[in-house]
Amino acid sequence: MPPNTQSRRRSRADRHGDGQDSRRRRQSRRDESDDPDASEADQDGDGDVDMERSGDSAEEQLIKKLVRYALACEFARIPIKRDGIRDKVLGNHSRSFRRVFEGAQAQLQRVFGMVMLELPIKEKRTLKEKQKANARKASSQNTTPSRQYILVSVLPREYKSQSIIAPSRIPSTPEEAAYVGFYTMVISLVVLNGGELSDTKLRRYLTRLNAGQNLPMDKTDNVLQRIVRQGYVDKVVEKNEGDDDAVTWCVGPRGRVEVPPESIAAVVTEVWGDVPSDFNQKLQRSLGIQDFRQAQIEDSIAEE
């Protein structure tokens with residue numbers, strides 16, 4: 001057989017084989033499009049909501065996803081932002097925000113004894129910030145929410161003991177306990193000094209406490225930067241022309257929620273030891289609370 005004839009037959013056979021392969025591929029695609037389970041599985045692989053495999057509804061899956069997101073944020077001590085919920089949890093289901101949020105709140109309270117509490121708005125500290133805030137108030141009567149949340153315990157008072165709610169074991173229990181004690185002490189000093197504390201005065205207090213030797217986790221300046229970053233305190237720096245910058249420390253949004261006046265009163269009472277007769281009255285006036293003595297009585301009854 002001539003070589004040209006053989007080559008023409010081979011080319012026709014190749015084209016025939018290619019045609020059969022393309023028909024098989026088209027048939028396979030038609031079969032996949034006709035199979036709803038396969039298409040849904042492919043969509044679920046994109047990562048939004050696994051609707052069919054677990055048998056749960058899409059909303060229940062989103063609730064579980066929000067619970068995991070809230071726990072992860074709280075572990076890192078970063079606020080749970082509403083924009084983060086929309087982007088990382090809801091995706092294309094942003095219209096379900098209210099139902100998913102309420103469902104996650106119920107599950108957090110039932111399983112973990114916690115709820116998401118909205119943080120207060122960060123206060124305006126410098127003169128320029130206060131002027132801008134006053135201008136906005138004059139133009140609008142509505143108060144803008146912070147749209148940021150943290151997890152807080154809603155356990156009854158009798159369950160809020162150290163044996164039940166112990167410091168985290170990550171990175172270690174002593175280190176976590178020292179960190180909680182440090183930012184609680186800093187917040188207490190700021191509040192008892194009228195809500196603002198100069199940097200010079202804070203450094204003097206920390207020197208008396210031997211913070212440089214007693215902090216096991218890091219240098220004092222690094223720990224201060226950490227509590228500023230996590231919202232326990234605010235470091236306000238005002239520029240002064242020709243002079244050094246004025247640095248003032250104030251209580252941050254997370255600090256106002258996690259360390260309320262009642263907690264500060266308990267710390268001060270524990271540190272003071274043998275208190276005088278008018279101690280509670282003076283402390284209440286300094287912190288602006290009235291029911292601290294009653295809370296102490298309830299605590300002693302619960303311990304008994």
Side-chain angles (χ1 to χ4, degrees), residues 63-64 66-80 101-120 148-192 209 211 214-218 223-224 226-233 251-273 280 283 287 289 291-304:
I63 289 171
K64 293 177 181 178
L66 177 52
V67 169
R68 292 194 296 268
Y69 176 70
L71 292 172
C73 289
E74 187 60 28
F75 177 77
R77 284 191 171 100
I78 59 177
I80 307 162
F101 188 85
E102 291 175 353
Q105 285 279 58
Q107 189 166 341
L108 283 167
Q109 184 171 2
R110 184 176 64 256
V111 178
F112 299 99
M114 297 185 292
V115 294
M116 288 181 283
L117 181 67
E118 187 169 9
L119 287 172
Q148 297 183 4
Y149 307 86
I150 62 171
L151 290 180
V152 296
S153 174
V154 292
L155 291 175
R157 184 183 297 274
E158 57 268 22
Y159 294 113
K160 293 182 179 180
S161 62
Q162 185 176 359
S163 59
I164 297 176
I165 306 179
S168 173
R169 290 177 291 180
I170 300 175
S172 68
T173 299
E175 185 171 324
E176 177 68 11
Y179 181 65
V180 173
F182 179 77
Y183 71 66
T184 302
M185 181 60 68
V186 171
I187 292 173
S188 302
L189 292 171
V190 172
V191 172
L192 291 172
L209 293 170
N214 293 330
L215 285 177
M217 70 287 294
D218 206 342
V223 181
L224 286 172
R226 180 179 170 188
I227 64 176
V228 169
R229 187 171 61 253
Q230 294 177 347
Y232 288 107
V233 296
V251 183
R254 180 182 283 269
R256 287 157 62 186
V257 174
E258 286 195 13
V259 189
E262 292 79 10
S263 299
I264 297 174
V267 170
V268 173
T269 304
E270 183 69 23
V271 171
W272 197 279
N280 287 328
L283 185 58
L287 298 174
I289 58 176
D291 300 326
F292 175 62
R293 184 61 183 168
Q294 182 64 28
Q296 281 186 319
I297 296 173
E298 292 177 0
D299 285 341
S300 62
I301 295 174
E303 290 176 359
E304 292 175 359

> Tell me, do Gln105 and Tyr149 make a side-chain contact under 4.5 Å, heavy atoms counted?
Replying inline: no
> Do you know the tightest heavy-atom contact between Leu66 and Phe101?
Replying inline: CD2-CA, 3.9 Å
>> Quick check for you: to the nearest 0.5 Å, what is the distance between Glu176 atom CD and Arg169 atom CZ?
In response: 12.5 Å
>> Using 0.5 Å steps for rounding, measure from the CD atom of Gln230 to the CD1 atom of Ile150.
In response: 11.5 Å
In residues 107-117, what donor-acceptor pairs under 3.5 Å come from side-chain atoms, sequence neighbours left out?
none

>> Does any part of the side chain of Ile164, heavy atoms only, come nearer than 4.5 Å to the side chain of Lys160, both counted from C-beta?
In response: no
> Taking atom CD1 of Ile227 and atom CZ of Arg77, what is their separation to the nearest 0.5 Å?
Replying inline: 11.0 Å
> Say you draw a straight line from CD1 of Ile264 to OG1 of Thr184; how long is it, rounded to the nearest 0.5 Å?
Replying inline: 8.5 Å
>> To the closest 0.5 Å, what do you measure between CD (Glu258) and CG (Leu151)?
In response: 10.0 Å
>> Ile165 vs Leu155, test: side chain to side chain contact (heavy atoms under 4.5 Å, CB included). Steps then yes/no.
In response: CA-CA 10 Å; Ile165 306 179; Leu155 291 175; 4.0 Å; yes
> Looking only at heavy atoms, which two atoms of Cys73 and Ile80 are closest? And how far apart?
Replying inline: CB-CG1, 3.7 Å
> Looking only at side chains, do Tyr183 and Arg226 share a donor and an acceptor under 3.5 Å apart?
Replying inline: no
> Closest approach of Val257 and Pro120, non-hydrogen atoms and distance?
Replying inline: CG2-CD, 3.6 Å
> Pick from Leu189, Val186, Val259, Leu224: which one makes a side-chain contact (heavy atoms from CB on, under 4.5 Å) with Val233?
Replying inline: Val186
> Going from CG on Leu119 to CZ on Arg256, what distance comes out if it is rounded to the nearest 0.5 angstrom?
Replying inline: 9.0 Å
